[in-house]
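What follows is one structure encoded as structure tokens, with my remarks underneath.
Remember, it's a predicted structure, so these values are computed and weren't measured experimentally. Note that ligands are numbered from 1 as they come in the structure, with each ligand's atoms numbered from 1 the same way.
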Amino acid sequence: EELIIEAPASIANLGPAFDVAALAINPPSDIVKVKVTDGDGVFIRNSGEYASSLPSEGNGNSAYLVATRAIELAGLRRRIEIEVIKRIKPASGLGSSGATSAAVAYALNKLLNLSLSEWDLVELASYGELASAGVRHMDNVAASLLGGLVLVNPVIRRVIRVNFPELSIVVVIEGSKPNTGFMRSILPKAYELSDVVANMANVAQLVASVLMNDLDLFSRVITNDRVAMPYRVKAYEHWGVVKSVLENHGALGVILSGAGPSIAAFFKEKPQVNEIKTELMSAGLSPVVILTKPSNEG
Ligand code: HSE
């Protein structure tokens with residue numbers, strides 16, 4: 001039996017909501033073909049635009065980790081063949097590993113008759129994040145699985161998805177990052193109470209702004225993070241110039257996408273993407289600039 005699944009990319013954290021919120025976006029998306037037959041073993045083949053930048057085997061490969069875990073949950077011997085058509089640039093901060101992991105988890109839940117609950121499906125997919133982040137953060141995989149804006153809560157094992165307004169989103173892919181694990185390791189181990197309270201207020205009002213479709217509120221809270229972005233943007237030389245170019249074009253908010261290096265900006269009206277790109281190039285960058293939108297489907 002074979003399933004072909006498409007999973008959207010995602011923007012994790014959405015400013016202040018580190019590890020809690022993520023937004024599915026499409027384009028780009030990954031496509032995964034999963035085939036289960038009698039026999040033994042997990043076999044991965046990478047194809048597509050970014051195939052060459054992926055590790056093909058073993059514990060460095062997200063699809064492999066999810067498939068191995070799924071077999072464990074099924075308690076069966078099966079041969080699993082997976083082709084990953086990699087269209088989301090790996091390590092770019094767009095949930096590339098999360099999208100592949102979500103697609104593989106979704107397919108194997110069906111093909112192995114696992115009958116997983118929504119949360120258990122998110123947990124299964126999160127095994128793929130061990131390859132890139134070293135921890136099973138659940139924000140990207142949840143967004144790719146469910147679409148829309150997702151809010152994950154491992155404390156009570158619950159994920160909530162809500163529709164996201166039809167804003168235009170510009171993603172600037174520029175530079176590279178060591179890896180997500182490193183970008184997590186540079187965050188403080190402890191925070192001032194006042195910073196924690198500020199972030200709680202911003203996340204609460206960010207969610208409210210989406211539910212109320214209040215774009216002024218959205219614009220004021222989304223850039224207001226004291227937990228991750230201020231520490232991470234120091235690692236990215238392009239942050240300052242990209243932010244100011246996007247703001248000059250009328251962005252409601254400019255944020256680091258996940259752990260970076262991609263930067264995402266939200267717009268009420270479709271912005272002039274070609275002009276944005278030209279301005280970034282004359283500032284010495286060589287970015288890929290994508291005009292995209294929220295994907296309210298997973
Ligand atoms: N929430 C994760 C992080 C997303 O910021 O480390 C990584 O894509």
Looking only at atom types and distance, does a side-chain atom of N13 sit under 3.5 Å from a main-chain N or O of G15, one as donor and one as acceptor? no

T180-ligand 1 polar pair, N/O distance under 3.5 Å: no

What's the shortest distance from atom 8 (O) of ligand 1 to any protein heavy atom, and which residue and atom give it? N140 OD1, 2.9 Å

Give a yes or no answer on whether the side chain of S144 reaches the backbone of P8 with a donor-acceptor pair at less than 3.5 Å. yes

With a cut-off of under 6.0 Å to the ring centre and 45° to the axis, is R79 in cation-pi contact with F43? yes

Identify the protein heavy atom lying closest to atom 3 (C) of ligand 1, giving its residue, its atom name and the separation to 0.1 Å. R184 NH1, 3.3 Å

Taking OH in Y106 as the centre, count heavy atoms belonging to other residues, nucleotides or ligands within less than 6.0 Å. Is the count above 12? no

Looking at D40 and R77, is there a salt bridge between them, counting it only when a charged N and a carboxylate O are closer than 4.0 Å? yes

Residue portion contacting ligand 1 (non-hydrogen atoms closer than 4.0 Å) for M229: neither

Under 4.0 Å from any heavy atom of A12, which atoms of ligand 1 are there? 4 (C)

Which of the numbered atoms in ligand 1 are below 4.0 angstrom from a heavy atom of F18? 3 (C), 5 (O), 6 (O)

Between the CD1 atom in I156 and the CG atom in N153, the distance rounded to the nearest 0.5 Å is 4.5 Å

Under 4.0 Å, counting heavy atoms only: does E129 come that close to any atom of ligand 1? no

Looking at Y127, I'd like to know if the NZ or CZ of R136 sits under 6.0 Å from its six-membered ring centre while staying within 45 degrees of the ring's axis. yes

Proximal ligand 1 atoms for D19, defined as those under 4.0 Å from one of its heavy atoms: 1 (N), 2 (C), 3 (C)

So if I count the atoms of ligand 1 from 1 in the order they appear, which ones are less than 4.0 Å from some heavy atom of D139? 1 (N), 2 (C), 4 (C)

